[in-house]
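Chain letters run A, B, ... following the sequence lines, proteins first and then strands; every chain starts at 1.
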Amino acid sequence: MGAAAASRGSEASGTMSETDYKFTEIERKWQARWRELRLFEADESCPKPKWYVLCMYPYPSGVLHMGHVINYTLGDVVARYKMLRGYNVMSPMGWDSFGMPAENAAIRTGVHPHAFTEKNIAYMRAQMGGAGWGYDWRREVATSHADYYRWTQWFFLKFYEKGLAVKKTAAVNWCESCATVLANEQVKDGGCERCGTRVAQKDMSQWFFRMSAYAERLLAGHEKLRGQWPDAVLAMQEEWIGRSEGAIVFFKVAETGDPLPVFTTRPDTLWGVTFMSVAPEHPILDKLLKGSPHEKRVMPALRELRAVETSERDLAAREKAGVFTGFHVINPVNGESVPLWAANFALMSYGTGAVMSVPAHDQRDFEFARKYGLPVVPVILPPEGIDRAAMTEAYVDPGVMAASGPFSGEKNIEAMPRIIRWLEAEGRGKGAVNYRLRDWTLSRQRYWGAPIPIIYCDACGMVPVPEKDLPVVLPEDVRFTRGGNPLATSESFVKAPCPRCGRPARRETDTMDTFVDSSWYFLRYCDASNHTAPFSPERIAHWMPVDQYIGGIEHATMHLIYARFFTMVLHDLGLVDFEEPFARLFCQGMVCKTAYYCERCKWIPEDKVEGGARKGDAIEGGVCAVCRSPVRAEMTKISKTKLNIVDPDAMIAKYGADAVRLYMLSDAPPDRMQVWSEDGINGAWRTILRLWSLATAAIAQMPPPGAEIPADLDAENRVLRRKTHQLIESVTGAIEGGFHFNTAVARCNELVNLWRAKKDRVHGAVLRETLETILRILSPIVPHFAEEIWERLGRKESIFAAGWPVADRAAAAEELVAIPIQINGKLRGRVMAPPDAAAEDLERAALADEKVRKALEGKTVAKLIVVPGRLVSIAVKG
RNA sequence: GCGAGAGUGGCGGAAUUGGCAUACGCGCCAGAUUUAGGAUCUGGUCCCGCAAGGGGCGGGGGUUCGAAUCCCCCCUCUCGCACCA
């Protein structure tokens with residue numbers, strides 16, 4: 001906890017009266033105690049089954065935000081819950097400490113990224129302790145430390161040896177503001193994932209990991225993950241991988257004979273091809289046009305098409321545009337010659353960069369054909385046929401093939417596989433599977449990342465740095481200025497002897513994408529201080545895979561795909577014996593809060609809203625304090641730009657870590673959006689206070705720990721016991737089935753309410769059992785609070801050594817249940833009966849009920865259903 | 001456009017998976033207590049109605065003795081992908 005926060009905390013508790021719960025003191029006490037007890041230090045020697053709980057590690061930005069709070073609170077609660085369930089829990093924490101903010105700060109302030117990062121790490125580590133999150137800090141990693149990135153570089157060399165790290169020239173995404181290239185996965189809505197700057201396409205020579213080679217396996221791995229990962233994440237990855245089946249068909253340029261293969265998912269429409277479209281960047285265009293009579297006419301139009309970046313193409317409402325090249329292609333299925341166009345809707349990055357255009361059966365092609373007056377030839381016909389002149393859109397449904405050579409008259413869907421076999425037999429094409437997934441661009445033109453361990457020698461070419469020379473350490477003699485990679489300014493770094501011939505050579509100055517660092521950090525945690533290898537196989541075998549991974553869904557197609565790919569490669573390298581690193585994944589919801597939008601001043605903080613009426617947690621109909629314009633309230637994700645941030649330290653100082661934790665988990669299931677409200681956290685705080693005074697007042701009337709519960713309890717005490725044991729049953733299910741801690745808290749509240757209503761008449765031993773059960777169930781959520789009362793109850797060991805309560809089935813069994821009686825679906829009465837009462841007895845009792853008799857007067861019973869132990873349902877007529 | 005998820009009081013949300021709709025909490029109302037506070041305690045709080053009673057889970061239809069839950073159609077919101085050949 002920060003110094004400022006701590007002082008505010010003691011101030012807050014200082015205002016409470018003597019009997020009040022002094023959370024600052026108590027929370028510090030238990031945080032220190034857990035350290036002494038080494039509660040979170042997990043060792044391989046422990047005989048209990050292992051449970052690896054992992055939260056996505058943070059970038060050390062300098063201060064925790066509410067996104068971290070929900071993520072790490074959930075992780076800590078799960079870790080403590082599993083501990084109570086008897087597992088040897090490993091819950092590590094570390095730092096994704098390479099990356100641009102540190103470098104940008106260096107450019108701005110002159111502070112070296114290393115110093116900046118270390119300071120942030122120290123501060124955030126302390127904040128985490130103050131929040132009550134327990135980690136095995138012996139396993140801490142920071143990806144910017146040479147003893148970590150040394151192995152990141154080592155893995156790069158392994159990938160390089162296997163031909164999976166390659167340097168190639170390709171059109172890559174360039175972010176001007178970040179002055180670096182970005183991977184496909186890091187482009188969102190045509191902009192940079194980090195800063196939002198519009199991304200440009202640039203041809204550059206870059207390092208890639210050949211992730212596309214793993215497309216099929218990444219997809220196949222989903223079978224193992226189904227049910228264990230959120231469906232939404234698997235769906236997003238499936239879309240991202242974008243598998244499609246079809247064929248490659250061997251078209252040729254009519255005039256020159258140049259091959260121009262196309263990928264299509266609709267080989268059944270080959271006979272309807274009326275033109276071909278290629279991407280404006282397609283290399284064949286320059287080859288064909290150079291020196292041709294069409295060059296003068298086509299090149300300017302082509303330049304115009306190329307000038308529009310892919311991203312803008314996406315956004316520009318997609319007006320189809322293109323230019324006829326003057327050339328033609330031969331359709332191999334029927335030898336027809338059709339015109340070759342360059343079109344803006346054809347993407348160089350997908351398939352072969354060429355599209356066979358079938359306007360009758362593809363909406364895009366249809367629009368393009370209509371715009372440029374190209375012919376439309378239907379070859380797949382519905383039963384009623386197609387009136388070519390009346391067509392207003394492409395016909396994309398199944399039908400019967402027409403004018404399609406040997407396949408005329410056949411149903412297109414059924415014919416598809418035979419068409420592909422025919423293409424192969426005739427040498428006119430072949431079956432093919434195409435993926436949208438591209439190779440992972442991992443070069444970054446920035447300083448603060450792991451240097452790519454490659455040296456360029458004029459004599460020997462590209463030479464990998466030998467393993468014994470790792471790590472390639474980031475130099476200190478760099479100038480942090482805008483424009484250009486600071487790493488290139490370091491002479492001591494760039495100049496290096498060629499490892500092969502010893503002559504002067506140049507080092508690669510690109511560093512690796514930070515997603516490379518995060519693709520194996522979960523492995524390093526298993527053996528964090530290993531100096532001779534990234535990890536030992538024994539440690540990995542002990543801890544991996546991660547049993548429960550917890551993080552934000554925004555990484556569905558970034559970190560979570562990269563880490564899976566990376567692990568598969570390590571598997572193929574023989575370094576690990578599993579392919580999927582994360583057995584279970586849970587994605588917590590975003591933390592949202594009301595934000596205010598002024599038409600003139602844009603987003604404004606709540607204290608700049610004047611007038612209006614408080615409606616729940618929002619101010620409706622207020623005006624802006626600055627410009628008097630009306631202000632709109634909106635529930636939205638907590639962010640700096642929307643000025644609705646909440647400072648976790650301030651909340652911990654004001655209400656205590658336990659209240660923050662309780663609030664985060666008691667309001668909604670954790671995978672849903674979490675609404676932050678000051679009233680809500682205050683409610684959580686009061687819940688703690690209420691239980692505190694109830695519990696501390698009751699301690700005096702309790703027998704010592706382990707006291708026997710008398711056999712001859714009266715009805716009231718039996719009820720309290722019954723509810724206690726029913727609580728255990730229902731809560732365990734709610735947690736196991738999706739971390740529904742909110743219902744666990746609700747059930748505990750119910751029991752507390754029941755206890756309070758009976759408190760003067762409850763036997764001391766029953767009271768102890770009830771309170772200890774509640775404490776053990778709540779202890780993962782409010783650990784400091786639970787420990788403190790547990791201790792005051794005379795318990796010597798930590799509550800986390802006490803184990804999860806076990807329900808006593810006999811005590812939980814109901815003696816009498818209220819059986820509802822429905823008449824035509826409406827509740828008409830109840831009868832009390834033992835839970836195992838026979839159907840006939842229930843029927844008799846129901847019909848004898850006075851309200852039921854009244855409702856049945858003058859009517860005929862058509863049907864009578866008795867579900868023993870549940871209800872009686874009567875259908876009547878008349 | 002495609003894909004995924006969601007829609008229940010003033011609000012966050014429960015509902016043993018087809019069986020008493022609105023648990024628990026917030027807020028609100030009334031009262032108690034109190035050298036006044038974001039404290040505590042008691043009671044009330046889905047809607048209409050004085051009542052008996054009736055109506056209610058985004059809308060409409062269906063299956064069923066019985067539907068928030070299953071099926072069909074529609075509407076709204078959120079997220080992801082988006083000219084993918």
Side-chain angles (χ1 to χ4, degrees), chain A residues 12 15-17 20 188-190 230-236 238-240 242 244 246 262-266 269 277 313-316 318-320 343-347 349-358 362-365 367-368 434-436 553-554 556-557 590 614-618 654-655 663 666-669 671-675 677-687 689-690 693 726 729-730 733-734 740 742-750 752-753 756 818-830 861-867 870-876:
Chain A
T15 61
M16 307 286 167
S17 69
D20 278 338
K188 293 274 178 278
D189 296 325
D231 289 339
V233 173
L234 296 180
M236 277 188 240
E238 258 161 51
E239 243 171 61
W240 193 257
S244 51
V262 295
F263 174 76
T264 179
T265 54
R266 294 291 305 273
T269 63
S277 309
R313 263 192 237 166
D314 292 348
L315 295 167
R318 347 218 182 269
E319 173 64 20
K320 307 265 178 292
N344 65 350
F345 65 81
L347 304 174
S349 56
Y350 187 80
T352 63
V355 188
M356 60 175 232
S357 295
V358 188
D362 181 288
Q363 189 56 26
R364 258 172 341 186
D365 298 343
E367 286 167 30
F368 194 85
N434 196 54
Y435 300 91
R436 206 185 73 122
I553 198 162
E554 65 274 14
T557 56
M590 294 184 299
R614 187 160 273 281
K615 220 182 156 203
D617 204 50
K654 201 166 168 186
Y655 299 100
Y663 176 55
S666 64
D667 232 34
D671 51 346
R672 285 217 210 159
M673 175 184 93
Q674 306 290 311
V675 175
S677 85
E678 193 84 15
D679 284 336
I681 174 122
N682 191 49
W685 158 242
R686 278 185 359 216
T687 300
L689 263 195
R690 263 200 305 268
S693 47
Q726 287 176 350
E729 287 177 340
S730 73
H740 288 171
N742 57 323
T743 61
V745 172
R747 292 285 97 80
C748 287
N749 280 334
E750 278 179 66
V752 170
N753 292 345
R756 187 169 30 226
I819 303 287
I821 304 156
Q822 290 181 351
I823 294 173
N824 285 350
K826 298 256 175 269
L827 180 69
R828 285 290 180 244
R830 283 194 186 87
V861 174
K863 201 163 184 179
L864 200 147
I865 287 146
V866 181
V867 184
R870 286 266 204 212
L871 61 27
V872 178
S873 181
I874 305 167
V876 298

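- When Watson-Crick and G-U wobble pairs are counted only if both distances are under 3.5 Å, B/A85 pairs with no nucleotide at all.
- Counting to the nearest Å, the C1' atom of B/A85 and the OH atom of A/Tyr350 are 7 Å from each other.
- If you measure from atom CZ of A/Arg690 to atom P of B/G38, you get 17 Å, rounded to the nearest angstrom.
- At the heavy-atom level, A/Arg686 lies under 4.0 Å from the strands shown only through sugar-phosphate atoms.
- Distance noted for atom C1' between B/G18 and B/C65: 12 Å (whole Å).
- Atom name C1', nucleotides B/A21 and B/A30: the rounded distance is 27 Å, in whole Å.
- Using a 4.0 Å heavy-atom cutoff across all strands shown, A/Thr743 reaches sugar-phosphate atoms only and no base atom.
- Rounded to whole Å, the separation between the P atoms of B/A85 and B/U8 comes to 37 Å.
- In this structure, B/C57 forms no base pair with any nucleotide, since neither Watson-Crick nor G-U wobble geometry is met with both distances under 3.5 Å.
- Each of B/A14, B/A85, B/G38 was ranked by its minimum atom distance to the side chain of A/Tyr655; first place goes to B/G38.
- Heavy atoms of A/Ala818 sit under 4.0 angstrom from at least one base atom.
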**OP:** Let me see the working for A/Glu750 and A/Gln726 under side chain to side chain contact (heavy atoms under 4.5 Å, CB included), right down to the final yes or no.
**Re:** CA-CA 11 Å; A/Glu750 278 179 66; A/Gln726 287 176 350; over 6 Å; no
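- Close to B/C41, at under 4.0 Å from its OP1 or OP2, lies a side-chain N or O of A/Arg756.
- Nucleotide B/G80 is matched to B/C2 when pairs are restricted to Watson-Crick or G-U wobble geometry with both distances under 3.5 angstrom.
- B/G12 and B/G1 are spaced 34 Å apart, taking the C1' atom of each and rounding to whole Å.
- Remark: C1' of B/A39 and NZ of A/Lys654 are 15 Å apart, rounded to the nearest angstrom.
- When the C1' atom is compared between B/A6 and B/C57, the two are found 14 Å apart, to the nearest whole Å.
- For A/Lys320, whose side chain is taken as the heavy atoms from C-beta onward, the closest listed nucleotide among B/G13, B/C83, B/C24 is B/C83.
- Distance A/Arg828 CZ to B/G19 P: 20 Å, rounded to the nearest Å.
- The side chain of A/Asn742 contributes no N or O atom lying less than 4.0 Å from OP1 or OP2 of B/A23.
- A/Asn824 has no side-chain polar atom (N or O) that falls below the 4.0 Å cut-off from OP1 or OP2 of B/C65.
- Contact annotation for A/Gly683: backbone-only contact, meaning every heavy-atom pair under 4.0 Å involves sugar-phosphate atoms and none involves a base.
- No donor-acceptor distance shorter than 3.5 angstrom exists from the side chain of A/Asp362 to the backbone of A/Ser357, with no hydrogens or angles considered.
- Using a 4.0 Å heavy-atom criterion, one finds that A/Ala875 contacts the sugar-phosphate atoms exclusively.
- Neither OP1 nor OP2 of B/G5 sits under 4.0 Å from any side-chain N or O of A/Arg672.
- We find that CE of A/Met236 is positioned 12 Å from P of B/A4, with the value rounded to whole Å.
- Glycosidic conformation at B/G9 (O4'-C1'-N9-C4 for purines, O4'-C1'-N1-C2 for pyrimidines): syn, within 90° of 0.
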Original post:
Is there a side chain to side chain contact (heavy atoms under 4.5 Å, CB included) between A/Ile553 and A/Met236 once you walk through the steps?
Top reply: CA-CA 10 Å; A/Ile553 198 162; A/Met236 277 188 240; 3.7 Å; yes
**OP:** Take A/Gln822 and A/Ile865 through the side chain to side chain contact (heavy atoms under 4.5 Å, CB included) test and state the conclusion after the steps.
**Re:** CA-CA 10 Å; A/Gln822 290 181 351; A/Ile865 287 146; over 6 Å; no
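- Taking 3.5 Å as the limit, the base of B/G19 and the side chain of A/Gln822 contain a donor-acceptor pair of atoms between them.
- Nucleotides B/G66 and B/A15 place their C1' atoms 16 Å apart, quoted to the nearest Å.
- As judged by a 4.0 angstrom heavy-atom cut-off over every strand, A/Ser666 is placed among residues making no nucleic acid contact.
- Nearer to the 5' terminus of RNA chain B, by closest-nucleotide assignment, is the contact made by A/Met673 (compared with the other of A/Asp362 and A/Met673).
- Remark: B/G38 base-pairs with no nucleotide in the shown strands. Criterion, Watson-Crick or G-U wobble with two distances under 3.5 Å.
- B/C24: Watson-Crick or G-U partner is B/G12, with both key distances under 3.5 Å.
- Shown here, B/U78 is classed anti by the O4'-C1'-N9-C4 or O4'-C1'-N1-C2 angle, which is more than 90° from 0.
- The pairing partner recorded for B/G18 is none, the criterion being a Watson-Crick or G-U wobble arrangement whose two distances lie under 3.5 angstrom.
- Taking the side chain of A/Arg436 as heavy atoms from C-beta on, and the options B/C81, B/C20, B/A85, the nearest nucleotide is B/C81.
- If you check B/U17, B/A85, B/G25 against the side chain of A/Asn749, the one that comes closest is B/G25.
- Contact annotation: the side chain of A/Tyr663 never approaches that of A/Gln674 to less than 4.5 Å [non-hydrogen atoms, C-beta and beyond].
- For the C1' atom pair drawn from B/G60 and B/C41, the interatomic distance equals 48 Å after rounding to whole Å.
- With a 3.5 Å ceiling on both atom-pair distances, B/U64 lacks any Watson-Crick or G-U wobble partner.
- Computed from coordinates, the A/Ile819 CD1 to B/C65 C1' distance equals 16 Å when rounded to whole Å.
- Residue A/Glu750 contributes atom CD, which lies 9 Å from atom C1' of B/A14 at whole-angstrom precision.
- Across B/G12, B/G19, B/C65, the shortest atom-to-atom separation from the side chain of A/Val867 is found for B/G19.
- Heavy atoms only, all atoms of each residue included: A/Val358 and A/Asp365 are closest at N-OD2, 2.8 Å.
- Without hydrogens or angle criteria, A/Asn434 side chain to A/Ser244 main chain gives no donor-acceptor distance under 3.5 Å.
- Contact annotation for A/Pro669: backbone-only contact, meaning every heavy-atom pair under 4.0 Å involves sugar-phosphate atoms and none involves a base.
- RNA chain B is contacted by both A/Ala354 and A/Ile874; A/Ile874 maps to the nucleotide lying nearer its 5′ end (nearest heavy atom per residue).
- Contact check for A/Glu239 versus A/Thr557: no side-chain heavy atoms found under the 4.5 Å cut-off.
- Atom CD1 of A/Ile865 is separated from atom C1' of B/G18 by 12 Å (rounded to the nearest Å).
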